[in-house]
> 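Could you have a look at this structure, given as structure tokens, before my questions?
Counting starts at 1 for both ligands and their atoms, in listed order. What you see is a predicted model; the values in this text were computed from it and never measured.
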Amino acid sequence: MLGKKMEKMMNKQVNREFYAAYLYLSMAAYFDTLNLSGFAQWMRTQTQEEVVHAMKIFDYIQERGGKVILEAIEKPSAKLSSPLAAFEAAYEHEQKVTGWINELVDAAREEKDHASVIFLQWYVTEQVEEEQSVDAIVNHLKMVGDSPHALLMIDRELGKRAFNAPASGSQV
Ligand code: OFO
């Protein structure tokens, strides 16, 4: 049975993962307005991944006999003034998420909730990848500066990203 403290924190994280999905969806819309369909595709895929992150916790809460409580999702507020600004905001956001995941792991350890410690390891690893992939794009965008040609090359590259649906459930 999931303890009350972990249940509350896990529910909060479900909300944060859905917020992340919303945030990246707002960025997908922004890139669509710039006709950068590869960037938009990357953000759409990221949105789908965030929904998976949320749903894995949603399922886990229920598997452990906890109660899922869905709160309102905040309006995404990232400053979208350029592709670089968008990816910098994404990077900043992922660093925040990493901090929240670490807080969850710390709490699970304090509560001696070993199942949650194991469950959260997937997120710890995932955050390393999340930060690394966004940071790489930020660096590429800084490198190309104002070159439209180089921007279109990055756009083509990012457009190759595809969503791989996970098997099912929270098992990792
Ligand atoms: Fe769910 O990792 Fe991004 O936010």
> I need the protein N, O or S atoms closer than 2.8 Å to atom 1 (Fe) of ligand 1, given as residue plus atom name.
Glu17 OE1, Glu50 OE1, His53 ND1
> If hydrophobic clusters are built by linking Ile, Leu, Val, Met, Phe, Trp and Tyr wherever their side-chain heavy atoms come under 4.5 Å apart, do Ile101 and Val51 end up in the same one?
yes
> Do the side chains of Phe163 and Val134 join up, straight or via other hydrophobic residues, at under 4.5 Å, putting them in one cluster?
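No, no single cluster joins them.
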> Run the ring pair (Phe, Tyr, Trp, His ring centres under 6.0 Å) check on Phe87 and Trp42 step by step: do they pass?
CA-CA 11 Å; Phe87 271 89; Trp42 194 97; 5.2 Å; yes
> Quiz question: by atom type and distance under 3.5 Å, do the side chains of Glu131 and Gln127 form a donor-acceptor pair?
no
> What do you reckon, is CD of Glu92 surrounded by more than 12 foreign heavy atoms closer than 6.0 Å?
no
> What pairs of donor and acceptor atoms, side-chain ones from residues 16-24 against any protein atom, are under 3.5 angstrom apart with sequence neighbours left out?
unit_1	atom_1	unit_2	atom_2	d
Glu17	OE1	His53	ND1	3.4
Glu17	OE2	Gln13	NE2	2.9
Tyr24	OH	Glu94	OE2	2.6

